[in-house]
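For reference, the structure is listed below as structure tokens.
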2 protein chains.
Amino acid sequence: MAERKSERTRAAILTAARERFGADGYERATVRAIAADAAIDPAMVIRYFGSKEKLFAEAAEFDIRIPDLSDVPADEVGARLVRHLVTRWEEEDTFRVLLRTAATNESAAERMRQIFASQLAPTLARLAVDQPALRAGLVATQALGFALCRYILQFPPVTALSADQAVAFLAPTITRYLTEPLS
Amino acid sequence: MAERKSERTRAAILTAARERFGADGYERATVRAIAADAAIDPAMVIRYFGSKEKLFAEAAEFDIRIPDLSDVPADEVGARLVRHLVTRWEEEDTFRVLLRTAATNESAAERMRQIFASQLAPTLARLAVDQPALRAGLVATQALGFALCRYILQFPPVTALSADQAVAFLAPTITRYLTEPLS
DNA sequence: CACGAAAGTCAACAGCCGTTGGCATATGCT
DNA sequence: AGCATATGCCAACGGCTGTTGACTTTCGTG
């Protein structure tokens, strides 16, 4: 069972990495600091993950896990979606890591675009009355803007919101973006 | 006229700095690269601005210049505001510099919060039916989310939008955040 | 117990970074 | 012209970065 120990430290590194990347962003989070948090030698980080960039790639793997909304009443879709997103964002650091980093790191931005294109857009496409890509894009602006103001920029009025309040305000916007007829 | 020349290079540095900061973010934009863009020695950058941080502070000075909307018909406030923001964001690099950097740099985030609190919130407060801080916060989530998806993450459906389309979609959301009764 | 591989330590590398001080040059004033 | 000062270049510093290779310890297995 020589591998048991190694998997534990591997997980420790990953946890520390997510914390540091999430708090400081990619550039300012140093391998040495991550190693210190995980109480191991910086060399081990490289040994386990090959490079800082590969470590980040693994630390920022994120599945948004959008539920199937196809048999949810049309007027509840927005609320269900918003609640799912907020829950999902707050139960892991991963998304925050990705969002924070995506602003200054092109590969993280690309990953963000991929999540949008492969996870969010297809699901929303079945709920939009027309122009699915455009409507998914609009939904993304509101969803990510909320995440930005709440978790990254930490605007006081936005951080002060409860999850319920957030859902109540954002849901109608999402619904409108998916269904409002184009003028 | 010894100062004329210096002011020209000072401006050149500032321009190059805004470009680099805007493209790469604070950490990855090096003093050396900025100096190279301005066709000048790295030492001059420090001589003129004292430090990289002070250079950034000056490069990221941004006045959102929100117009007086107090005598605009209530149903046009959203459109006017959105159009102003998009115009303002696109006529300078400054805002993009700030937004990109705010994700990983605490002092830039603080500046963002200040712009929100001292420039946006007070104006919106006079337009909101109640709970001015909360409503201004909601407006910010939609406005900044749009900027994030369009200028930073560059989601294709969002970059594809014309200014007119953006206004048409976002304006009703803004109006609703300012006026919709709380349930 | 002995052996070998896995896990971890340590020191050092080369390469950037922001910043500094000294020195050349140009420019404007008297 | 000659001086003072502003402007600019150059080389170098100390510090931090990701990454590497050699060495030591740990530990499961024959």
Side-chain angles (χ1 to χ4, degrees), chain A residues 1-60 97 100-101 103-108 111, chain B residues 1-60 97 100-101 103-108 111:
Chain A
M1 287 279 154
E3 307 169 272
R4 289 296 157 158
K5 183 90 179 291
S6 87
E7 285 195 13
R8 234 185 304 143
T9 75
R10 199 188 144 90
I13 295 173
L14 221 43
T15 304
R18 274 193 259 263
E19 249 170 67
R20 282 283 176 179
F21 282 138
D24 302 338
Y26 182 80
E27 334 281 344
R28 307 189 57 174
T30 69
V31 171
R32 281 172 165 85
I34 293 170
D37 285 3
I40 47 118
D41 194 89
M44 298 305 296
V45 175
I46 304 297
R47 257 253 244 285
Y48 274 85
F49 294 90
S51 70
K52 182 186 181 181
E53 205 168 350
K54 287 180 191 166
L55 169 62
F56 173 78
E58 196 146 337
V97 171
R100 174 162 258 140
T101 308
T104 46
N105 186 291
E106 176 53 27
S107 80
R111 164 119 24 146
Chain B
M1 290 264 164
E3 308 169 88
R4 289 294 156 155
K5 183 89 178 291
S6 86
E7 286 195 12
R8 233 185 305 142
T9 74
R10 200 190 143 89
I13 296 173
L14 221 43
T15 303
R18 274 193 259 262
E19 251 170 64
R20 283 282 175 179
F21 282 138
D24 302 337
Y26 182 80
E27 333 281 344
R28 308 189 56 173
T30 68
V31 171
R32 283 172 163 85
I34 292 169
D37 284 4
I40 214 171
D41 193 89
M44 296 306 296
V45 175
I46 303 296
R47 257 253 246 284
Y48 274 84
F49 294 89
S51 71
K52 183 186 182 183
E53 205 167 352
K54 287 181 191 166
L55 169 62
F56 173 78
E58 197 147 335
V97 172
R100 172 161 261 140
T101 308
T104 46
N105 185 291
E106 176 52 26
S107 80
R111 166 116 29 142

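Every value quoted in this text rests on a predicted model; they were computed, and no experiment measured them. Each chain gets a letter, A, B and so on, in the order its sequence line appears, and its residues count up from 1.
Taking the side chain as every heavy atom from C-beta outward, B:F49 and B:R10 approach each other to under 4.5 Å.
The stretch residues 25-34 of chain A comes close to DNA chain C through A:R32, each having a heavy atom under 4.0 Å from the strand.
Put simply, CZ on B:R20 is 15 Å from C1' on C:dC17, counting in whole angstrom units. Summarising the geometry, the separation between CD1 on A:I13 and C1' on C:dG8 is reported as 11 Å, rounded to the nearest angstrom. In this structure, CZ of B:F49 is placed 13 Å from P of D:dT7, rounded to the nearest angstrom. Distance A:M44 CE to D:dT25 C1': 12 Å, rounded to the nearest Å. Here C:dG21 presents its C1' atom at 13 Å from CG of B:D41, a figure rounded to the nearest Å. Between the P atom of C:dG22 and the CD1 atom of B:I46 lies a distance of 18 Å, rounded to the nearest Å. Going from atom CD of B:E7 over to atom C1' of D:dG8 covers 17 Å, rounded to whole Å. Taking atom CD1 on A:I40 and atom C1' on C:dC10, their separation rounds to 14 Å, with Å as the unit.
In this structure, B:F56 and B:V97 approach most closely via the heavy-atom pair CE1-CG1, 3.8 Å. What you find for A:V45 and A:L55 is that their closest heavy atoms are CG1-CD2, 3.7 Å. Residues B:M44 and B:I13 share a closest heavy-atom pair of O-CD1, 4.3 Å.
At least one side-chain nitrogen or oxygen of A:T9 sits closer than 4.0 Å to the OP1 or OP2 atom of C:dG8.
Remark: side-chain polar atoms of B:R100 are paired, donor with acceptor, to backbone N or O of B:G22 under 3.5 angstrom.
Annotation: cation-pi pair A:K52/A:Y26 present, NZ/CZ under 6.0 Å from the ring centroid and within 45° of its normal.
A:Y48 comes within 4.0 angstrom of the backbone, heavy atoms only, and of no base.
Place B:R47 and B:K52 on DNA chain C by their nearest nucleotides, and B:K52 ends up nearer the 5' end.
B:T9 and B:Y48 share a donor-acceptor pair across their side chains, judged by distance under 3.5 Å alone.
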